[in-house]
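Worksheet for the structure shown next.
Along the sequence shown, residues are numbered consecutively beginning with 1. All values below were derived from every heavy atom in this structure, side-chain atoms included, with hydrogens, water molecules and symmetry-related copies excluded. We count ligands from 1, going down the list as the structure has it; atoms in each ligand are counted the same way.
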Amino acid sequence: MVPGDRCPGVSVRRTVNLDMGRKTMAVNFKSLGLVNTKEMFKNAMQKGYGIPGYNFNNMEQLQAIIMACVECRSPVILQISKGARQYTNQTLLRYMVSGAVEIAKETGGNIPIALNLDHGDSFELCKSCIDYGFSNVMIDGSSLPYEKNIETTSEVVEYAHRCDVTVEGELGVLAGIEEHVVSEKSHYTDPGQVEDFVKKTSVDSLAISIGTSHGVYKFKVKPGESIPPLRFDILEECEKKLPGFPIVLHGASSVLQEYVNIINKYGGKLEQTAGVSEDQIKRAVKSAVCKVNIDSDGRLVMTAMIRKYLAENPKEFDPRKYLGPAREELKKMYVEKCQILGSAGQA
Ligand code: G3H
Ligand code: 13P
Ligand code: ZN
């Protein structure tokens with residue numbers, strides 16, 4: 001046969017991607033063993049600690065998060081961004097999360113687990129996640145004009161609350177990349193707007209901007225220079241306007257230097273950078289901050305350990321050999337984070 005010819009009667013297969021596929025049956029989060037954030041935030045608020053919102057994209061990250069939170073008995077919010085959902089596939093994701101709930105039980109830890117859509121950018125996406133079993137959705141209308149943010153957020157809340165799903169809104173734009181929002185400067189939250197926003201939308205929690213940003217390049221500091229403190233004055237003002245209301249802190253990775261150094265030692269080229277210090281996180285969770293979002297630190301740990309393993313074992317090509325140690329190190333880091341947040345021992 002001439003190359004390129006097709007066998008008679010055999011049709012060429014079309015390309016199949018993970019982001020294709022028909023809608024599977026709608027499920028409520030309760031049937032997956034998940035919880036919404038109501039009780040979690042009530043307890044966190046009363047006792048003055050923060051629930052971790054850990055992002056994941058693959059099985060090893062999910063395993064590390066669950067094993068860490070079971071081990072240190074921490075409630076946890078698993079987070080999936082729009083991009084992560086496309087990467088994992090929505091149907092597979094549902095079963096992965098339901099499997100994670102099961103292994104938490106099997107390993108002796110009946111810890112509260114929520115599944116959150118991180119930075120949802122439309123009603124349609126939020127609805128789809130709710131229908132696929134998410135127990136909390138974030139609708140990020142922070143880049144929209146104020147009235148439009150209220151309108152979009154209210155629409156999501158109206159649908160979500162019918163399914164007992166809780167909703168996180170956002171006011172104020174973080175610097176860095178918020179997936180669909182690219183902002184060079186941080187636009188701090190205006191405390192004058194928070195009460196009106198919460199009243200008009202009925203959101204269950206609110207993300208505010210007090211100087212953190214997403215990613216690993218949070219603060220441009222030269223060696224020896226100190227990191228600017230977060231705007232606790234804005235947080236306090238928001239708290240006064242919304243007593244007892246759960247506040248969410250995004251962009252809370254510390255940009256763990258140890259792992260930045262390993263990455264650079266083994267061929268990486270990350271620039272000098274700094275994140276949110278442990279002290280600032282501890283201070284934030286003593287206030288109305290009930291949820292603390294951490295993604296970048298997990299990415300750094302995973303990349304550092306994989307780079308190190310492959311550099312030291314150039315003949316190795318079994319993914320389990322380099323993903324396994326990365327997963328172990330991730331678990332260790334998540335346990336440490338839960339201790340910093342004060343969520344360890346609270347489940
Ligand atoms: O806030 C953004 C999160 O770190 C998610 O990032 O959109 O690259 O998944 P991603
Ligand atoms: P980091 O990039 O600081 O980990 O923030 C993650 C985040 O806010 C996810 O919504
Ligand atoms: Zn975020």
Side-chain angles (χ1 to χ4, degrees), residues 18-19 37 50-58 61-62 64-65 76-90 93 114-122 125-126 129 134 136-143 167-183 186-187 189 205-220 227 230 246-257 259-260 270 273-278 280-281 284-285 289-304 330 333-334 336-338 340-341:
L18 273 168
D19 57 2
T37 57
I51 312 273
Y54 293 143
N55 290 62
F56 74 99
N57 299 271
N58 65 20
Q61 289 171 314
L62 178 59
I65 295 168
V76 63
I77 300 173
L78 301 169
Q79 307 209 118
I80 278 283
S81 67
K82 180 181 174 181
R85 187 173 184 245
Q86 274 162 356
Y87 180 80
T88 47
N89 174 279
Q90 57 212 21
L93 175 68
L115 176 63
N116 175 42
L117 165 67
D118 193 25
H119 295 284
D121 61 356
S122 67
L125 176 61
C126 292
C129 287
F134 283 59
N136 190 84
V137 289
M138 176 196 189
I139 173 71
D140 179 359
S142 61
S143 62
V167 180
E168 175 184 328
E170 180 167 342
L171 267 182
V173 182
L174 271 71
I177 298 164
E178 281 196 340
E179 196 153 6
H180 60 291
V181 181
V182 182
S183 165
S186 176
H187 300 279
T189 302
S205 61
L206 184 68
I208 63 168
S209 172
I210 57 167
T212 60
S213 59
H214 291 104
V216 295
Y217 299 112
K218 296 186 191 302
F219 304 106
K220 282 201 173 109
I227 302 162
L230 300 181
I247 299 293
V248 180
L249 188 65
H250 281 245
S253 280
S254 297
V255 190
L256 301 161
Q257 214 49 53
Y259 300 101
V260 172
L270 293 179
T273 176
V276 185
S277 73
E278 209 179 295
Q280 300 267 291
I281 300 283
V285 297
V289 170
C290 289
K291 171 172 177 262
V292 177
N293 283 12
I294 295 165
D295 185 359
S296 299
D297 279 341
R299 295 178 179 196
L300 288 173
V301 170
M302 191 120 203
T303 303
L330 257 186
M333 187 275 286
Y334 287 128
E336 281 163 19
K337 291 280 181 195
C338 291
I340 293 166
L341 295 174

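Taking the Zn ion (ligand 3) as reference, H250 places its N/O/S atom ND1 nearest.
The aromatic rings of H119 and H214 sit perpendicular to each other, their planes meeting at more than 60°, with 30° as the lower class boundary.
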Does N116 form a side-chain contact (heavy atoms from CB on, under 4.5 Å) with K291? I'd like the steps, not just the answer. CA-CA 12 Å; N116 175 42; K291 171 172 177 262; 3.5 Å; yes

Starting from the C-alpha separation in whole Å, work towards a yes-or-no answer on side-chain contact (heavy atoms from CB on, under 4.5 Å) for N136 and L115. CA-CA 6 Å; N136 190 84; L115 176 63; over 6 Å; no

CA sep, side-chain torsions, deciding dist, call: I210, T189, side-chain contact (heavy atoms from CB on, under 4.5 Å): CA-CA 7 Å; I210 57 167; T189 302; 5.7 Å; no

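At a threshold of 4.5 Å between non-hydrogen side-chain atoms, the residues Y54 and D295 do not count as touching. Looking at C126 and L117, their side chains come closer than 4.5 Å, going by heavy atoms from C-beta outward. Counting only heavy atoms from C-beta outward, the side chains of F56 and L330 never approach each other to under 4.5 Å. A 4.5 Å side-chain heavy-atom check between K337 and S254 finds at least one atom pair inside the cut-off.
Partners of Q280 under the side chain to side chain contact (heavy atoms under 4.5 Å, CB included) rule, at least two apart in sequence or in another chain, are P229, L230, F232, V276, S277. Annotation: side chain to side chain contact (heavy atoms under 4.5 Å, CB included) contacts of A207 (sequence neighbours excluded): M138, E168, E170, V248, H250.
Among the atoms of G251, some N or O lies under 3.5 angstrom from an N or O of ligand 2. Ligand 2 has a nitrogen or oxygen under 3.5 angstrom from a nitrogen or oxygen of N293. On a distance-only criterion, D118 and ligand 2 share at least one N/O pair closer than 3.5 Å. Considering backbone and side-chain N/O of N55, none are found under 3.5 Å from N/O of ligand 2. For ligand 1, the polar-atom distance check against N55 finds no nitrogen or oxygen pair separated by under 3.5 Å. On a distance-only criterion, D295 and ligand 1 share at least one N/O pair closer than 3.5 Å.
Distances below 4.0 Å separate heavy atoms of H119 from the following atoms of ligand 2: 10 (O). When each atom of ligand 2 is checked for a heavy atom of I294 under 4.0 Å away, the hits are 4 (O). Ligand 1 places these atoms under 4.0 Å from at least one heavy atom of H119: 1 (O), 2 (C). Every atom of ligand 1 is numbered from 1 in the order shown, and the set under 4.0 Å from a heavy atom of R299 is 5 (C), 6 (O), 8 (O), 9 (O), 10 (P). Remark: ligand 1 atoms within the under-4.0 Å shell around heavy atoms of S81 are 5 (C), 7 (O), 9 (O), 10 (P). Residue-ligand proximity, H214 to ligand 1, at heavy-atom distances under 4.0 Å covers atoms 1 (O), 2 (C). Remark: ligand 2 atoms within the under-4.0 Å shell around heavy atoms of H250 are 8 (O), 10 (O).
Remark: the backbone N or O of G120 is not paired with any side-chain donor or acceptor of D140 at under 3.5 angstrom. Panel note: side chain D297, backbone L256; a donor-acceptor pair is recorded below 3.5 Å. Panel note: side chain K218, backbone A274; no donor-acceptor pair is recorded below 3.5 Å. Proximity of a side-chain donor or acceptor of Y334 to a complementary backbone N or O of A64 within less than 3.5 Å is not detected.
Contact annotation: for K82 versus ligand 1, there are no heavy atoms closer than 4.0 Å. If you look at R85 next to ligand 1, there are no close heavy atoms at all, none under 4.0 Å. Under 4.0 angstrom from ligand 2, the non-hydrogen atoms of A252 all belong to its backbone. Contact annotation for N293 and ligand 1: no heavy atom of the residue comes within less than 4.0 Å of the ligand.
Annotation: angle subtended at the Zn ion (ligand 3) by H214 NE2 and H119 NE2 is 100°, to 10°.
At the shortest separation from atom 7 (C) of ligand 2 among protein heavy atoms lies H214 CD2, 3.3 Å. Looking at atom 2 (O) of ligand 2, its nearest protein heavy atom turns out to be S296 OG, 2.6 Å. Counting only heavy atoms of the protein, atom 3 (O) of ligand 2 lies nearest to K218 NZ, 2.5 Å.
Between the choices G298, S213, S253, A207, the shortest heavy-atom distance to atom 4 (O) of ligand 2 belongs to S253.
Taking a 4.0 Å cut-off on heavy atoms, M138 fails to register as neighbouring ligand 1. Ligand 2 lies out of reach of R299, whose nearest heavy atom is not under 4.0 Å from it.
A donor-acceptor contact closer than 3.5 angstrom is absent between the side chains of N55 and N293.
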